[in-house]
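Notes for the one structure printed next.
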Amino acid sequence: MNKDLELYFDRKRSRLEKALDYYLSAENSQVFEAMRYAVLGSGKRFRPLLLLASGEHFGAPEELLLPYACAVEFIHNYSLVHDDLPSIDNDDFRRGRPSCHKRFGEALALLAGDGLLTMAFEILAAAPAPANDHQLKARVSAEMAMAAGPRGMIAGQWLDINFSPETQDLAAYQELASRKTAGLIKVSAVSGARLAGAPEAAIQALETYGLYLGLAFQLRDDLQDLFQDQSAGKVRRPNLARVLGEATSREFLETWLGRAKRALEEAGIDSDVLTFFLKQLQPAREGQP
Ligand code: GRG
């Protein structure tokens with residue numbers, strides 16, 4: 001990564017951490033303690049960084065975008081807390097330390113996840129409307145709700161839970177990944193630009209970019225799973241890379257990242273940051289995660 005980008009990400013991450021910490025300091029209670037544990041620390045902040053990059057590319061100020069970026073990160077972190085629960089993925093570790101329910105118990109982790117999800121919409125409700133355009137703000141909030149909700153991530157998670165590992169149906173995998181993972185990534189890419197008042201053609205391009213970036217993100221994760229030992233007792237998740245095999249997975253990754261790149265190019269969106277995210281997902285050499 002070049003020095004300018006490194007500085008850019010350092011600056012944005014530090015702004016995000018401060019803003020997240022601010023929202024998570026609203027009260028001193030055990031529920032907030034569990035929420036803070038789940039969010040603060042070591043997340044990559046990929047989705048909020050994406051929202052900031054797309055918004056700032058089209059001229060929106062950081063102060064306008066930050067609450068929306070934090071709301072997306074809250075939704076993402078809620079999904080991780082609930083995903084780790086024994087009744088879903090039964091994961092003991094998250095981000096290199098005990099998962100929220102391992103640290104606080106199942107009941108409090110469940111409630112901390114609920115708290116993060118509801119608070120995301122509290123943050124959105126209190127967020128400034130761009131140029132006082134409350135309709136636009138409502139649209140962005142509704143799109144985030146849909147990406148997270150029962151037609152989006154929740155539906156994807158249910159597909160995931162019910163997926164048979166023997167399934168070879170590629171379209172079904174794509175449907176699952178679009179809803180479970182790519183939806184929130186896509187809405188992050190689109191929301192920033194919407195809040196900045198970007199033209200419709202750019203929004204459409206970012207929808208395509210976000211979808212393929214999100215699909216590539218999930219496939220890269222699946223590919224990395226192929227290189228990791230499956231720990232005992234862990235739920236065996238649907239994994240597209242396992243179905244396609246390593247070589248074909250790499251081809252899919254290239255194709256999807258290529259589509260995302262082309263969408264940006266065709267719309268004339270020349271953003272080092274948005275392009276950097278694609279490069280980050282570029283498949284490594286054969287035999288490596
Ligand atoms: C429980 C409703 C509900 C949904 C959960 C996204 C999700 C749906 C579960 C996560 C399962 C998983 C490990 C998917 C792989 C891709 C992914 C979303 C990884 C985690 O996101 P990162 O890498 O995490 O952005 P950090 O820790 O950096 O925030």
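Quantities reported herein were computed from a predicted structural model and do not represent experimental measurements.
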Quiz prompt | Working for side-chain contact (heavy atoms from CB on, under 4.5 Å), residues Y23 and C70 | solution = CA-CA 9 Å; Y23 290 121; C70 288; 3.8 Å; yes

Quiz item: What is the distance from atom CG of L64 to atom CG of L52, rounded to the nearest 0.5 Å?
Solution: 10.5 Å

Quiz prompt | Basic-acidic side-chain contact under 4.0 Å: R139, E143 | solution = yes

Quiz item: Sub-3.5 Å donor-acceptor pair from the side chain of T208 to the main-chain atoms of Q204, do we have one?
Solution: yes

Exercise. Could you give me the CA-CA distance, side-chain angles and deciding distance for L206 and K186, then say whether side-chain contact (heavy atoms from CB on, under 4.5 Å) is met?
Key: CA-CA 8 Å; L206 286 165; K186 182 167 93 174; over 6 Å; no

Self-check item: Least distance between heavy atoms, A109 atom then V81 atom
Solution: O-CG1, 3.3 Å

Quiz prompt | Pair F277 + F217: ring centers closer than 6.0 Å | solution = no

Quiz item: Would you call E6 and K3 a salt bridge, taking side-chain N to carboxylate O under 4.0 Å as the test?
Solution: yes

Quiz item: Does E73 come within less than 4.0 Å of R45, counting only side-chain N to carboxylate O?
Solution: yes

Quiz item: Parallel, tilted or perpendicular for W256 and Y212, by the 30°/60° rule?
Solution: tilted

Self-check item: Gap between atom CG of L257 and atom CZ of R220 - 0.5 Å precision
Solution: 9.5 Å

Quiz item: For the atom pair OG (S178) and NZ (K180), what is the distance rounded to the nearest 0.5 Å?
Solution: 11.5 Å

Quiz item: So, D21 versus S25: side-chain donor-acceptor pair below 3.5 Å or not?
Solution: yes

Quiz item: What's the verdict on salt bridge (charged side-chain N to carboxylate O under 4.0 Å, His left out) for E254 and R250, showing C-alpha distance, side-chain angles and the deciding distance?
Solution: CA-CA 6 Å; E254 296 276 12; R250 287 176 194 282; over 6 Å; no

Exercise. Check whether any side-chain heavy atom of D84 lies under 4.5 Å from a side-chain heavy atom of C100, and answer yes or no.
Key: no

Quiz prompt | Smallest separation among heavy atoms of L116 and A38, with atom names | solution = CD1-CB, 4.2 Å

Self-check item: L213 vs F46 side-chain heavy atoms within contact, under 4.5 Å
Solution: yes

Practice problem: Answer yes or no: is there a side-chain heavy-atom contact under 4.5 Å between Y8 and D272? | Solution: no

Quiz item: Measuring from L16:CG to R11:CZ, what's the distance to the nearest 0.5 Å?
Solution: 12.0 Å

Quiz prompt | Backbone of L124 reached by a side-chain donor or acceptor of K137 within 3.5 Å | solution = yes

Self-check item: Transitive ILVMFWY side-chain link M146 to L159, under 4.5 Å
Solution: no

Exercise. Give a yes or no on this: more than 12 heavy atoms of other residues, nucleotides or ligands lie within 6.0 Å of atom CG of N2.
Key: yes

Quiz item: Would you say the side chain of N132 lies within less than 4.5 Å of the side chain of H134, judging by non-hydrogen atoms?
Solution: yes

Quiz prompt | The single option from V243, L244, N239 passing side chain to side chain contact (heavy atoms under 4.5 Å, CB included) against D222 | solution = N239

Practice problem: Heavy atoms only: give me the nearest A53-V273 pair and the separation to one decimal. | Solution: CB-CG1, 3.6 Å

Exercise. Hey, could you give me the CG/CG distance between D221 and L281, rounded to the nearest 0.5 Å?
Key: 10.0 Å

Quiz item: Is L20 close to F74 at the side-chain level, that is, under 4.5 Å between some pair of heavy atoms?
Solution: yes

Quiz prompt | R194 NZ/CZ over F58 ring centroid, <6.0 Å and within 45° of normal | solution = no

Exercise. May I have the step-by-step check of side-chain contact (heavy atoms from CB on, under 4.5 Å) for V190 and M144, ending in yes or no?
Key: CA-CA 10 Å; V190 168; M144 282 189 191; over 6 Å; no

Quiz item: Between Y37 and F104, what is the ring plane arrangement, given parallel below 30°, perpendicular above 60°, and tilted in between?
Solution: perpendicular

Practice problem: Flag yes if more than 12 heavy atoms outside R36 fall under 6.0 Å of its CZ atom; otherwise flag no. | Solution: yes

Quiz item: Sub-3.5 Å donor-acceptor pair from the side chain of R179 to the main-chain atoms of R151, do we have one?
Solution: yes

Practice problem: Verify the neighbour count for atom CD of Q135: are there more than 12 heavy atoms of other residues, nucleotides or ligands below 6.0 Å? | Solution: no

Quiz item: Can you check whether H57's main-chain N or O pairs, donor with acceptor, with S271's side chain at less than 3.5 Å?
Solution: no

Quiz prompt | Pairing of E17 and R13 as salt bridge, 4.0 angstrom limit | solution = no

Self-check item: H76 backbone acceptor or donor facing S79 side chain under 3.5 Å
Solution: yes

Quiz item: If you count the non-hydrogen atoms of other residues, nucleotides and ligands that lie under 6.0 Å from CG in N28, is the total more than 12?
Solution: no

Quiz item: To the nearest 0.5 Å, how far apart are CG in L110 and OG in S87?
Solution: 8.0 Å

Quiz item: Counting only N and O atoms by type, is there a donor-acceptor contact under 3.5 Å from the side chain of S188 to the main-chain atoms of P48?
Solution: no

Exercise. Would you check if I75 and M153 make a side-chain contact, meaning some heavy-atom pair closer than 4.5 Å?
Key: yes

Quiz prompt | Salt bridge R15-E62, side-chain N to carboxylate O under 4.0 Å | solution = yes

Quiz prompt | Closest approach of Y209 to L274 (non-hydrogen atoms, all atoms of both residues) | solution = OH-O, 2.7 Å

Quiz item: Going by heavy atoms in the side chains, are S191 and Y68 under 4.5 Å from each other?
Solution: no

Self-check item: Main-chain N/O of A171 paired with D169 side-chain donor or acceptor, under 3.5 Å
Solution: yes

Quiz item: Would one find more than 12 heavy atoms of other residues, nucleotides or ligands at under 6.0 Å from atom CD of Q30?
Solution: no

Quiz item: Do V31 and L40 sit in the same hydrophobic cluster, where Ile, Leu, Val, Met, Phe, Trp and Tyr count as joined when their side-chain heavy atoms come under 4.5 Å apart?
Solution: yes

Practice problem: Report yes if some heavy atom in the side chain of Y173 is under 4.5 Å from a heavy atom in the side chain of L215; otherwise report no. | Solution: no

Practice problem: Give the intermediate values and the outcome of side-chain contact (heavy atoms from CB on, under 4.5 Å) for residues R47 and V187. | Solution: CA-CA 9 Å; R47 295 152 193 80; V187 85; over 6 Å; no

Practice problem: Evaluate whether atom CZ of R95 has more than 12 neighbouring non-hydrogen atoms of other residues, nucleotides or ligands under 6.0 angstrom away. | Solution: yes

